[in-house]
Amino acid sequence: MYSLLPIASLLGFVAAKPLLSPTQTINLLDRALNVDSGCSASGTASCTNSSSVSDLCCFEYPGGLLVQPQFWDTDPSTGPSDSWTIHGLWPDHCDSTYDQSCDSSRAYTDIAGLLNDNGASSTLSYMQTYWVDINGDDESFWEHEWAKHGTCMSTLETDCLPSGSAKGAEAVAYFETAVKLFKTLPTYEWLANQGITPSSSATYTLSALTSALKTASGGYTPALDCDGSNLNQIYWYFHLKGSVIDGTFVPISAPEAGSCPSSGIKYPPKSGSSGTTTTTSSSPTGTAGSLPAKATIVALQSGSQVGGLLSLGTWSTQTLATFTITGTASSFTMTSSKELVG
C-alpha cells in the first residue's frame with residue numbers, strides 16, 4: 001500500500017485561522033521526503049473512533065491526542081523577539097496521559113546531519129531559528145524530543161514507511177511535520193492582532209488571553225503555562241486523520257487548563273539575546289573584582305564574535321549556553337542549568 005512518490009507529498013492541516021474554512025489544508029510540496037504513507041487523510045480522526053482500528057500505520061494510537069507546545073523564553077531569551085518557539089510534537093493518549101521513549105533503537109543522534117542527508121536542509125535552517133534550546137544545545141534538545149515523543153507515534157513505526165526508505169526517514173518526517181504545524185500557529189501574531197503584546201508592566205487575566213487566542217485561532221482554546229506569573233508556554237491540541245507523515249491535523253480546544261493563574265499574568269518581552277555576554281576589555285567597567293551572576297562565554301576575533309561555549313563546554317557558532325557564575329574574580333565556578341523538559 002506504500003509507494004515512493006516522484007514529487008513530495010501533501011500534509012493536510014485544518015489550519016486554525018478565523019478566515020479559513022474548516023477543511024483548509026496546507027500544501028507541503030517543499031517536503032524533502034518523497035514519501036506517501038498510503039493512508040487516507042479524510043477518515044476517522046484519532047480519539048473519535050467508536051470501534052477498534054487494526055491498521056495503526058494509518059491511525060495514530062494510543063497517542064491520538066497530538067500536542068504542539070511552544071515556548072516563550074525570556075530569561076534567557078530564545079528565538080526571534082516577535083515569535084514563540086517550538087517545543088516539540090507530542091502524541092498524548094486521549095485521556096492526556098502519555099507514553100515516552102518507546103524505542104531506544106531509534107533514538108537517533110546527529111539530527112542535523114539526518115535532516116541534511118535527507119534533503120531537509122531548509123527544515124533544519126528553520127529549526128535553528130525557531131526550535132532552539134534555552135541553554136544553546138539545540139542538537140540535544142532535538143534528539144530528546146524525537147526519542148521521547150517521536151518514537152511513540154504508531155504511524156511513524158518503520159514498518160509503516162515505504163520499502164527502501166532511508167534509515168531515520170521517520171524522524172525526518174517528524175521534524176518536518178512539527179515545523180509545518182508550527183507555521184500554522186502564529187501565537188505571537190494572534191495575540192498581537194488582539195492587542196496583546198509583550199510588556200514589562202502590563203498584566204492580563206487568563207480569560208483575556210485565552211479569549212484572544214480563541215478568537216484569533218478560529219474558535220480553539222489552548223492551554224497556557226506560567227513560570228510564576230510569567231507566561232512561558234502554550235499547548236495547541238489536535239486530533240489526526242491518517243498518518244503523521246501526510247495526514248490532516250484537526251484542531252480542538254485543550255482538554256485541560258495549564259498552570260497559569262486566573263489573573264496577574266505577565267507577558268514579558270524577550271531581551272533579544274540568549275543571555276548576558278561578557279568579554280575581556282582593556283578598559284573594564286563595574287566594581288573591581290566583581291563577577292556577573294550569569295554570562296555566556298564567547299570568543300572574539302578582530303572584535304567580532306566567532307563562537308562560544310555550549311552547556312557541556314563544547315564549541316558552537318549557534319545559540320550559546322548561559323552559565324551561572326559563583327565565587328570571586330580570583331576563584332570562581334561556572335555551571336549550566338541544562339535540563340531538557342517535555
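Formation of a donor-acceptor pair under 3.5 Å by the Asn118 side chain with backbone atoms of Ala120 is not found in this model. Side chain of Thr151 to main chain of Ser104: no donor-acceptor pair is present (N/O by atom type, distance under 3.5 Å, no hydrogens or angles). Distance alone, capped at 3.5 Å, is enough to place a donor-acceptor pair between the Ser217 side chain and the Leu213 backbone. A donor-acceptor distance shorter than 3.5 angstrom exists from the side chain of Thr215 to the backbone of Ser211, with no hydrogens or angles considered. Formation of a donor-acceptor pair under 3.5 Å by the Trp84 side chain with backbone atoms of Pro69 is not found in this model. The backbone N or O of Trp90 sits nowhere less than 3.5 Å from a side-chain atom of Lys148 that would complete a donor-acceptor pair. Judged by distance alone, the side chain of Ser229 and the main-chain N or O of Lys266 form no donor-acceptor pair under 3.5 Å. Looking only at distances, a side-chain donor or acceptor of Asp138 sits under 3.5 Å from a matching main-chain atom of Asp133. Without hydrogens or angle criteria, Ser253 side chain to Thr221 main chain gives a donor-acceptor distance under 3.5 Å. The backbone N or O of Ala178 sits nowhere less than 3.5 Å from a side-chain atom of Gln68 that would complete a donor-acceptor pair.
Between the side chains of Asp246 and Ser37, a donor-acceptor pair is found at a separation under 3.5 Å. The closest side-chain donor-acceptor pair between Tyr108 and Glu170 falls under 3.5 angstrom. In this model, a donor atom of one side chain and an acceptor atom of the other lie less than 3.5 Å apart for Thr155 and Glu60.
Considering every non-hydrogen atom in both Thr85 and Lys270, the closest pair reads CG2-NZ, 4.2 Å. Residues Ala223 and Ala257 share a closest heavy-atom pair of CB-C, 4.2 Å. Contact between Thr187 and Gln70 at its shortest, heavy atoms only, is OG1-OE1, 2.8 Å.
When the SG-SG distance for Cys39 and Cys57 is compared with the 2.5 Å cut-off, it comes out at or above that value.
A 4.5 Å side-chain heavy-atom check between Leu66 and Phe249 finds at least one atom pair inside the cut-off. Proximity of Tyr130 to Pro80: side-chain heavy atoms (C-beta onward) are separated by under 4.5 Å at one or more points. The side-chain heavy atoms of Ile245 and Leu156, taken from C-beta on, include a pair separated by under 4.5 Å. Within the 4.5 Å cutoff, the side chain of Leu89 has heavy atoms near those of the Met153 side chain. At least one side-chain heavy atom of Leu115 sits less than 4.5 Å from a side-chain heavy atom of Val172. Counting heavy atoms from C-beta on, the side chains of Cys260 and Tyr204 never come closer than 4.5 Å. Side-chain atoms of Ile111 and Glu139, non-hydrogen and from C-beta on, do get closer than 4.5 Å to each other. Counting heavy atoms from C-beta outward, Leu231 and Trp72 have side chains that stay 4.5 Å or more apart.
His149 and His144 have perpendicular rings, their planes meeting at more than 60° on a 0 to 90° scale where under 30° would count as parallel. Between Phe141 and Trp131, the angle of the ring planes goes over 60°, which puts this pair in the perpendicular group of the 30/60° scheme.
Ring centroids of Tyr174 and Trp146 are separated by less than 6.0 Å, placing the two rings close together.
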Is there a side-chain contact (heavy atoms from CB on, under 4.5 Å) between Asp227 and Gln233? Walk through the geometry before answering. CA-CA 9 Å; Asp227 180 7; Gln233 190 159 203; over 6 Å; no
Start with the C-alpha distance between Ile86 and Glu145, add both sets of side-chain angles, then the distance that settles side-chain contact (heavy atoms from CB on, under 4.5 Å), and finish with yes or no. CA-CA 11 Å; Ile86 304 170; Glu145 289 301 306; over 6 Å; no
Set out, in order, the CA-CA distance, both residues' side-chain angles and the distance that settles side-chain hydrogen bond (donor to acceptor under 3.5 Å, both in side chains) for Ser77 and Ser271, then state yes or no. CA-CA 6 Å; Ser77 65; Ser271 64; 3.2 Å; yes
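Residue pairs satisfying the side chain to side chain donor-acceptor pair (under 3.5 Å) criterion with at least one member in residues 254-265, sequence neighbours excluded, are listed as follows: Asp225-Ser259.
For Asp103, the salt bridge (Lys or Arg N to Asp or Glu O under 4.0 Å) test picks out Arg106, with sequence neighbours left out.
Within 6.0 Å of atom OH in Tyr188, more than 12 heavy atoms from other residues, nucleotides or ligands are found, so the atom counts as buried in its surroundings. For Tyr126, the OH atom sits in a packed shell: over 12 heavy atoms of surrounding residues, nucleotides or ligands are nearer than 6.0 Å.
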